[in-house]
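Below is one structure; the comments refer to it alone.
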Amino acid sequence: MSKTVIKVENLSKKYVIQHQQDSYKTFRGAITDAAKSLVSMLNPRAKNENLGREEFWALNDVSFEIKQGERVGIIGRNGAGKSTLLKVLSRITEPTTGKIKISGRVASLLEVGTGFHPELTGRENIFLNGAILGMSKLEIQRKFDEIVAFAEVDKFLDTPVKRYSSGMYVRLAFAVAAHLEPEILIVDEVLAVGDAQFQKKCLGKMEDVGKQGRTVLFVSHNMSAVESLCTRGIWLYSGTLGLDGSPQSAISMYLENAYSLADNVLLADRTDRTGSGKVKATSFRVLDADGKEVPSLQSGKDYYFEVGYSNYTGLALSNVVFSFDFFDERGNTVLLFRTNFTNSNMTLNKKDGYIRCKVNNIALANGLYRFSVFISHADHEILDFIQDAAYITVDGGDFFGTGSSGLPSHCKILAKSEWLSI
Ligand SMILES: Nc1ncnc2c1ncn2[C@@H]1O[C@H](COP(=O)(O)OP(=O)(O)O)[C@@H](O)[C@H]1O
Ligand SMILES: [Mg+2]
């Protein structure tokens with residue numbers, strides 16, 4: 001029997017949120033506060049102590065053990081506590097109550113912004129991270145070329161990482177964490193940033209790391225990746241351990257616990273985003289053809305997908321690319337609306353505004369979809385990217401005009417067809 005490398009006992013983590021008590025408040029700020037107090041009314045985990053101070057249990061009495069060599073997929077909806085759990089295990093943040101015991105060196109790849117020193121170059125950060133992991137200079141040197149080749153950042157090795165694009169940053173951060181021979185590798189869902197080819201490379205590398213007898217903890221919304229990489233699945237639900245078992249059983253629980261648009265957090269308040277932040281998505285709505293907000297979609301109908309934005313550049317900004325992506329329950333992209341497909345890149349107002357994308361005759365089969373918002377400037381600079389901006393259910397509708405809704409368990413995209421016998 002292999003030895004236990006991680007032991008978590010009755011772990012709880014409380015956040016105390018201090019609201020600003022300004023006498024001066026913007027209209028938008030007041031609206032946001034009103035929405036937040038509504039959310040906390042609906043959310044049993046949030047407790048209003050008194051005005052302006054709120055306690056929130058991001059993790060609540062979580063216990064489990066992980067043995068050496070296990071590859072554990074941690075899944076759960078947004079806000080379930082996945083990143084908090086990884087941060088506690090990486091000792092970035094302290095438990096409020098409970099205990100954790102870890103034996104072995106941990107390398108973690110958490111949300112962008114942790115782990116690297118922004119002012120240091122790629123090269124310096126590789127050495128710094130190796131040193132933190134307790135490796136000698138010689139050991140790091142031996143791994144150096146492999147890391148650089150994996151991350152494909154050779155040209156930018158002597159550039160401070162604060163100048164890296166988010167894609168480059170994540171590639172280097174992953175390469176460092178995976179190659180510096182940690183005994184335990186912890187990866188949050190940063191892989192979402194890379195392109196499909198790089199994601200595949202990362203999954204392969206994590207599998208290798210696991211096969212070498214090392215332990216991998218992996219948070220992802222990509223159910224196919226969890227299914228193929230992991231030997232075990234943990235489903236977190238509202239800060240508690242909902243299920244600890246096979247990856248398949250954890251995935252089933254996650255999928256059964258479906259979403260509705262009403263559960264979506266205000267985009268303005270989301271912290272799980274990447275990009276320069278010069279422009280930020282602040283809100284999301286779906287409207288029907290008459291401009292009325294709707295909670296879910298029906299196949300074959302016409303909709304407006306609307307994203308509100310704040311522009312912090314102080315200038316009207318032209319040639320801005322918006323991309324709205326639909327992912328199925330397994331994490332595969334099934335539909336993509338992008339301004340530059342139709343030569344309709346947007347010009348943004350100086351301060352804020354809304355972008356609407358009109359989609360006619362939506363061709364999605366019944367099911368649950370995840371929706372991401374991507375904003376870039378002329379395709380060069382990522383301004384804002386929120387991976388799971390919203391969850392959208394397609395429920396019913398009559399795409400074919402025959403009453404059939406297709407076979408949702410078999411296909412996600414519908415198309416009209418004509419059949420001939422010749
Ligand atoms: N530093 C923080 N301060 C206050 N609340 C936080 C902080 N970090 C996370 N939270 C809250 O804790 C909950 C769990 O967050 P997180 O662990 O990031 O969830 P997940 O990674 O599963 O989406 C969320 O509701 C989030 O808003
Ligand atoms: Mg997270």
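When a ligand or atom number is given, it counts from 1 through the structure's own listing order. Just so it is clear, the model here is predicted, and its values are computed rather than measured.
Distances between N or O atoms of G81 and those of ligand 1 include at least one value under 3.5 Å. Any N or O atom pair closer than 3.5 Å counts here, and G79 shares at least one such pair with ligand 1. Of the polar atoms of L85, none of the N or O atoms is found under 3.5 Å from an N or O of ligand 1, judged by distance alone.
Annotation for E94: atom CD does not count as buried by contact number, only 12 or fewer foreign heavy atoms lying within 6.0 Å.
With a 6.0 Å cutoff to the six-membered ring centre and a 45° limit on the axis angle, K358 does not count as a cation-pi contact of Y303. Because its NZ or CZ atom is both nearer than 6.0 Å to the ring centre of F374 and within 45° of the ring axis, R338 counts as a cation-pi partner of that residue.
Less than 4.0 angstrom separates some heavy atom of R77 from each of these atoms of ligand 1: 22 (O). When each atom of ligand 1 is checked for a heavy atom of T84 under 4.0 Å away, the hits are 14 (C), 15 (O), 16 (P), 17 (O).
Ring planes of Y237 and W235: tilted class, angle from 30 to 60°. Taking the six-membered ring where tryptophan is involved, the planes of F305 and F284 are essentially parallel, since the angle between them stays under 30° and well short of 60°.
Distances from ligand 1 to the non-hydrogen atoms of G76 include no value under 4.0 Å. In this structure, K87 falls outside the shell of residues with a heavy atom less than 4.0 angstrom from ligand 1.
Inclusion of T84 in the first shell of the Mg ion (ligand 2) is not supported: no N, O or S atom falls under 2.8 Å.
Put simply, the residue from Y391, F337, F324 that forms a ring-ring contact (aromatic ring centres under 6.0 Å, His included) with F371 is F324.
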